[in-house]
Amino acid sequence: MDSTVKNIAIVLLLLTFAFIGYYLFIQKDQTELSISGADVSQELFTNVQKYVERRTVLDKVKLDLGILSDNRFRSLVSYTTPIVEQPIGRENPFDKINPAQVNRSTNTF
């Protein structure tokens, strides 16, 4: 880049940072809440009321666990295959690799 282009870019960058700093400095004195206390308490009251109503609905729910003792449920069979643990890594990771000891099996999923 030409030196004048670099100088202009640096000056613009400094002006941008100065503007951001000035803007944030002016805004720190204007931190007032525009919400009145009555509005906040009314909103809080309605949220608590919704929570109480939902809680009463959920308390009325009863789960029937009789299906777990049913013979059809107990007769289900798992068809999972056990996964055999295999060693991971090497004892010394900084040791040279011997091509005769490398496991050439491929894993297919």
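- Atoms CZ and NZ, from F45 and K50 in turn, are 12.5 Å apart once rounded to the nearest 0.5 Å.
- When the shell of 6.0 Å around CD1 of I67 is examined, it contains 12 or fewer heavy atoms from other residues, nucleotides or ligands.
- Here the straight-line distance linking atom OG1 of T46 with atom CG of L44 works out to 7.5 Å at 0.5 Å rounding.
- Hydrophobic clustering keeps F19 apart from L24 (ILVMFWY residues linked when any side-chain heavy atoms are closer than 4.5 Å, directly or through intermediates).
- Looking at L14, L13, I8, L12 one by one, the single match for side chain to side chain contact (heavy atoms under 4.5 Å, CB included) with I10 turns out to be L14.
- Summarising the geometry, atom CG belonging to N47 is positioned 10.0 Å from atom CD belonging to Q42; distances are rounded to the nearest 0.5 Å.
- The hydrophobic cluster containing L76 also contains L65, counting ILVMFWY residues as joined when their side-chain heavy atoms lie under 4.5 angstrom apart, directly or transitively.
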